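The structure appears below as structure tokens.
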Amino acid sequence: MDRPFFLMTDPGCYDVSYRINPWMKPDAWTQAQARAACEGSRDLRRALESAGARVETVGAVRGLPDLVFPANAAVVLDGRVLLARFRHPERQGEEPVFRAAFQKLKARGLVREVLDLPDGLFHEGAGDAIWDADRRLFWCGYGPRSSKGAIAVVRRTFGQETVALELASDRFYHLDTCFCPLAGGKVLYYPAAFTPAALATLRARVAEPDRIEATDEEAAAFCVNAVNLGPRVVMARAPESLRAKLQARGYALTEVDLGPFILSGGAAYCMTLRLDRTSAPAALRHAAE
Ligand code: ARG
């Protein structure tokens, strides 16, 4: 198999002009932020490329600023794309744009199948269905954005195990804001984001030595929203405490200035969507993961 393959979106029409999560601050948005966003997006892409990845870009669309978060566009595994349905009307206009983008990828042979979610369910893509390549299952967040009922659709569509985790707060509204499986089986997570039942589920599945807990400060810096490629973890600027924790466990950090995206409640992981994930056991995969 080839290099890790990501989708990103051109940040040309990105801004913070509405508020659908508590991090979003339309009043703090300036032209300088817009320029910094373009640089941040470019630096993130370069960081992924230097880690060996290939990046495909979706074009910007005026009036759809959160299109820069393609993690929310779909769940993708084995070349199958399960399209998202957004909870908030502000983001529903992204659905046809991403559908068309995936159809184009299909025409080019870069994905195999584009599938719809049944009516009446919300699901915000890989933001709430995170593939754990070591455990070979989807960790699925629900509550603030994705419907609990959509998790069974993810399970059936991909024929893979799912573990449901209920999110306790609007601040950590997608699973990817508070949970990040890392190569080798470790998991970086922010305990306060989960209901007590979800926390018990998580801890029953992940042995204590494999748990890396993020502090309030680390979670608020959107560092749990990270992209992991083997020993490398790409994330927004990290507090020293987190850098030390990850380095002590053998991970190498690449930090990118993503301040303008944090103003919208997003960072590295949700600015990307991994397209090349497969369910094949590790022995059948190449080292790229
Ligand atoms: N403003 C966007 C929203 O509220 C940010 C999405 C970030 N995505 C993510 N998967 N965390 O939907």
Side-chain angles (χ1 to χ4, degrees), residues 6-9 11 13-29 33-34 37 40-41 44 58 60-61 63-76 82-95 97-98 122-131 138-147 150-151 154 165 167-181 188-190 193-194 214 218-228 234-236 256 258-275 277:
F6 290 92
L7 198 64
M8 286 184 67
T9 303
C13 295
Y14 173 64
D15 65 18
V16 181
S17 46
Y18 52 73
R19 185 173 158 94
I20 56 172
N21 73 56
W23 306 93
M24 295 183 83
K25 296 183 185 70
D27 294 343
W29 188 255
Q33 299 277 357
S41 173
L44 176 60
V58 175
V61 177
L64 297 175
D66 281 343
L67 206 65
V68 294
F69 300 113
N72 300 129
V75 185
V76 184
L82 178 63
L83 294 170
R85 184 169 303 114
F86 288 93
R87 168 88 55 180
H88 294 291
E90 287 86 342
R91 294 199 66 181
Q92 287 166 358
E94 297 175 40
E95 292 171 18
V97 177
F98 281 125
F122 295 110
H123 195 270
E124 299 199 355
D128 269 334
I130 302 180
W131 179 247
F138 279 110
W139 294 96
C140 293
Y142 69 95
R145 297 291 180 90
S146 298
S147 321
I151 298 173
V154 172
L165 298 175
L167 301 174
S169 89
D170 276 347
R171 289 181 78 222
F172 296 93
Y173 55 94
H174 283 140
L175 185 62
D176 68 7
T177 63
C178 53
F179 184 91
C180 181
L188 173 64
Y189 74 111
Y190 176 57
F194 297 92
E218 293 159 3
F222 272 80
C223 290
V224 183
N225 193 263
V227 178
N228 175 222
V234 181
M235 62 172 64
V256 182
L258 298 175
F261 299 97
I262 295 174
L263 267 189
S264 188
Y269 177 92
C270 50
M271 293 172 67
T272 66
L273 176 64
R274 184 106 186 238
L275 298 177
R277 289 289 197 194

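Keep in mind that what you see is a predicted model, and the values were worked out from it rather than measured. For ligands, and for the atoms within them, numbers begin at 1 and follow the listed sequence.
Of the candidates W139, Y189, F138, F179 forms a ring-ring contact (aromatic ring centres under 6.0 Å, His included) with just one, namely W139. The residue from F194, Y173, F172 that alone fulfils the side chain to side chain contact (heavy atoms under 4.5 Å, CB included) condition with L167 is F194. The ring-ring contact (aromatic ring centres under 6.0 Å, His included) with F261 is formed by just one residue from the set Y269, W29, Y14, W23; it is Y14.
Given atom 8 (N) of ligand 1, the protein heavy atom at minimum distance is N72 OD1, 3.0 Å. Scanning the protein heavy atoms around atom 2 (C) of ligand 1, the nearest turns out to be D66 OD2, 3.2 Å. Of the protein's non-hydrogen atoms, D176 OD1, 2.8 Å is the one closest to atom 11 (N) of ligand 1.
Summarising the geometry of H123 relative to V154, their closest heavy-atom pair is NE2-CG2, 4.2 Å, with the distance given to 0.1 Å. Nearest heavy atoms, D128 versus L175: OD1-N, 2.8 Å.
Within the 4.0 Å heavy-atom shell around ligand 1 one finds R145.
The shortest distance between side-chain heavy atoms of F222 and T177 falls below 4.5 Å.
Of all the atoms in ligand 1, the ones that sit under 4.0 Å from a non-hydrogen atom of T177 are 11 (N). Less than 4.0 angstrom separates some heavy atom of N21 from each of these atoms of ligand 1: 1 (N), 3 (C), 4 (O). Less than 4.0 angstrom separates some heavy atom of M24 from each of these atoms of ligand 1: 1 (N).
At least one N or O atom of R91, backbone or side chain, sits closer than 3.5 Å to an N or O atom of ligand 1. Between E124 and ligand 1, no N or O atom pair is found at a separation short of 3.5 Å.
With a 4.0 Å heavy-atom cut-off, ligand 1 is reached by no atom of H88. With a 4.0 Å cut-off on non-hydrogen atoms, Y173 touches ligand 1 through its side chain and not its backbone.
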Practice task
In sequence, state the C-alpha distance, the side-chain angles, and the governing distance for S41 and M8, and then conclude on side chain to side chain contact (heavy atoms under 4.5 Å, CB included).
Solution key: CA-CA 9 Å; S41 173; M8 286 184 67; 3.8 Å; yes
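Both tests hold for R274 against F6: distance to the six-membered ring centre under 6.0 Å, angle to the ring axis within 45°.
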